[in-house]
Number of protein chains: 2
Amino acid sequence: MTKVVVIDDEAAICRALRINLTARDYQVATAGDGASGLAAIARERPDVVILDLGLPDMDGTEVIKGVRGWSTTPIIVLSAREQEQAKVAALDAGADDYVTKPFGMDELLARLRAAVRRAVPSDEQPVISNDHLLIDVAARRVSASGNDVRLTPTEWQLLEILVRNRGRLVTQRQLLHDVWGPNYTTELNYLRVYMAQLRRKLEPDPARPRYLLTEPGMGYRFT
Amino acid sequence: MTKVVVIDDEAAICRALRINLTARDYQVATAGDGASGLAAIARERPDVVILDLGLPDMDGTEVIKGVRGWSTTPIIVLSAREQEQAKVAALDAGADDYVTKPFGMDELLARLRAAVRRAVPSDEQPVISNDHLLIDVAARRVSASGNDVRLTPTEWQLLEILVRNRGRLVTQRQLLHDVWGPNYTTELNYLRVYMAQLRRKLEPDPARPRYLLTEPGMGYRFT
DNA sequence: GCGAATCTTCACGGTTTCTTAACGGCTCCT
DNA sequence: AGGAGCCGTTAAGAAACCGTGAAGATTCGC
């Protein structure tokens with residue numbers, strides 16, 4: 001059975017969605033603010049999330065980023081008609097779709113079906129482990145030669161993207177877009193600085209990298 | 001580079017999209033009706049399709065079904081505000097998203113980025129594999145006789161075009177246009193230099209190519 | 001508020017990649 | 001046989017790119 005988490009501060013909407021979705025054999029959990037919404041997602045591991053952007057306690061994009069750190073669950077955003085800017089920000093933060101309020105239930109259901117259909121069958125949690133390195137993405141732990149390594153938030157985001165795409169080349173544009181946002185896709189400096197820091201912390205010989213490889217002119221690759 | 005096919009019967013919209021998308025480094029092809037739209041999708045193999053529902057010759061859902069028969073390319077639907085019913089039908093037919101006319105360019109671009117980003121996992125990119133060669137376009141990996149081969153950005157672009165059109169002749173003009181841009185379509189030198197480099201890196205006997213074949217006076221072909 | 005950690009920005013030297021030109025071999029045509 | 005055009009090969013200078021250290025600016029925790 002498909003599991004849905006609904007995050008909305010309007011109780012009426014939560015109730016309406018719960019009734020409609022339950023009637024169509026979805027399993028529904030609701031939350032009234034961002035913090036409890038994140039908790040619900042972590043607890044329920046839903047197949048899809050419906051998220052209202054106008055939450056009382058935190059910005060909607062913060063919720064999205066919080067989820068995208070460890071999960072690829074589809075997120076459908078609800079927003080008032082005027083928040084054009086917020087919609088764009090939400091999609092760039094990693095939302096999969098949005099519906100403007102007031103919305104037709106038929107439309108929401110169609111989008112829900114589309115989102116679930118698209119979803120990739122849940123992927124395994126990446127854990128890298130070899131003689132020298134141990135990277136546990138879910139637990140946010142990294143150690144090199146047996147010693148725990150502390151990474152800053154930015155370093156971690158960068159490493160996580162590379163690890164999730166291990167073996168594949170990740171382009172500079174994509175890294176910059178996913179870590180710094182859509183307006184920073186030309187700041188190649190940032191990549192150089194942070195790749196150097198990651199290598200200093202992770203590589204046995206930072207000057208001759210074994211894991212964090214450069215593909216000149218294109219991007220980086222974790223192997 | 002991301003390739004987009006736009007299908008809309010309003011020439012003004014086609015033109016506006018072409019200009020905006022080209023400026024953002026998308027590669028754009030346009031079609032004015034459903035039939036030529038389907039042909040364009042089959043020919044161009046775009047990364048994403050923008051489809052107007054109000055086409056003169058056939059219903060938009062027919063176009064979607066026609067594509068979904070053999071491809072999972074993301075489809076973003078354009079529709080007038082009133083066609084609520086048609087939107088639902090389009091999403092159920094396999095469309096991935098829709099935007100109501102009149103639309104904001106920012107919103108469309110954000111949805112485009114979201115659609116392309118989502119599509120990557122499910123999109124099966126060509127992988128060439130035989131005794132001697134292994135080419136994984138998605139991961140940007142090439143190996144010859146078991147050894148990993150490093151390619152420069154230009155070498156990659158060239159090889160990728162040939163691989164995507166494997167078996168077919170690709171003209172010199174098209175290669176030059178797609179790799180170096182519209183102002184370089186006479187620099188046949190570039191092709192010779194880079195084909196030689198690719199052969200040196202990929203062919204078992206570079207002087208007698210098995211995969212990267214020359215069609216004198218016309219172009220090259222990957223087999 | 002204050003100190004520490006983190007992020008942004010800059011400049012320099014070394015390396016890789018791109019561009020360009022020249023030369024010889026080959027095929028086809030006259 | 002000779003010439004013209006096309007192709008493959010090589011090499012060298014120019015341009016772009018990368019790694020690095022370090023110095024402000026900003027944020028965060030106390």
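Residue numbering restarts at 1 for every chain, and letters A, B, ... go by the order of the sequence lines. No experiment lies behind these values; they were computed from the predicted model shown.
Aromatic ring orientation, B:F222 versus B:Y211: parallel (interplanar angle below 30°, classes split at 30° and 60°).
Atom pair A:R150:CZ and D:dG29:P shows a separation of 11 Å (rounding to whole Å applied). Rounding to whole angstrom units, CG of residue A:N183 and C1' of C:dT8 are separated by 16 Å. The interatomic distance linking B:Y190 (OH) with D:dA15 (P) rounds to 13 Å, in whole Å. One can place CG of A:L202 at 15 Å from P of D:dG19, the figure rounded to the nearest angstrom. At whole-Å resolution of the value, CG in B:L176 and P in C:dT20 are 13 Å apart.
Residue B:W180 places at least one side-chain N or O closer than 4.0 Å to OP1 or OP2 of C:dT19. Between A:T152 and C:dT6 there is no side-chain polar atom (N or O) within less than 4.0 angstrom of OP1 or OP2. Taking 4.0 angstrom as the limit, A:Y194 places a side-chain polar atom (N or O) nearer than this to OP1 or OP2 of C:dC7.
Side-chain polar atoms of B:T223 and B:R166 form no donor-acceptor pair below 3.5 angstrom. A donor and an acceptor atom, one from each side chain of A:H132 and A:S145, are located under 3.5 Å apart. B:Q157 and B:Y194 share no donor-acceptor pair across their side chains, judged by distance under 3.5 Å alone. Side-chain polar atoms of B:E160 and B:W156 form no donor-acceptor pair below 3.5 angstrom.
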(request) Do nucleotides 2-11 of chain D as a string where each nucleotide becomes B, S or -: B if the base has a protein heavy atom under 4.0 Å, S if just the sugar-phosphate does, - if no protein is that close. (result) ----SBBBB-
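Within 4.0 Å of B:R208, counting heavy atoms only, lies no atom of the nucleic acid at all.
Taking the charged nitrogens against the carboxylate oxygens, B:R208 and B:E203 have no contact shorter than 4.0 Å, which rules out a salt bridge. Taking a cutoff of 4.0 Å between a charged side-chain nitrogen and a carboxylate oxygen, B:R111 and B:D97 qualify as a salt bridge. At a threshold of 4.0 Å, the pair A:D96-A:R68 counts as salt-bridged, since one of the basic side-chain nitrogens sits closer than that to a carboxylate oxygen.
Looking at every heavy atom in both residues, A:D148 comes nearest to A:S143 through OD1-CB, 3.7 Å.
Comparing the axis of the opening five pairs of the helix from C:dG1-D:dC30 to C:dT30-D:dA1 with that of the closing five pairs yields an angle of 40°, rounded to 10°.
For A:E187, counting side-chain heavy atoms from C-beta on, the closest listed nucleotide (C:dT17, C:dA5, C:dT9) is C:dT9.
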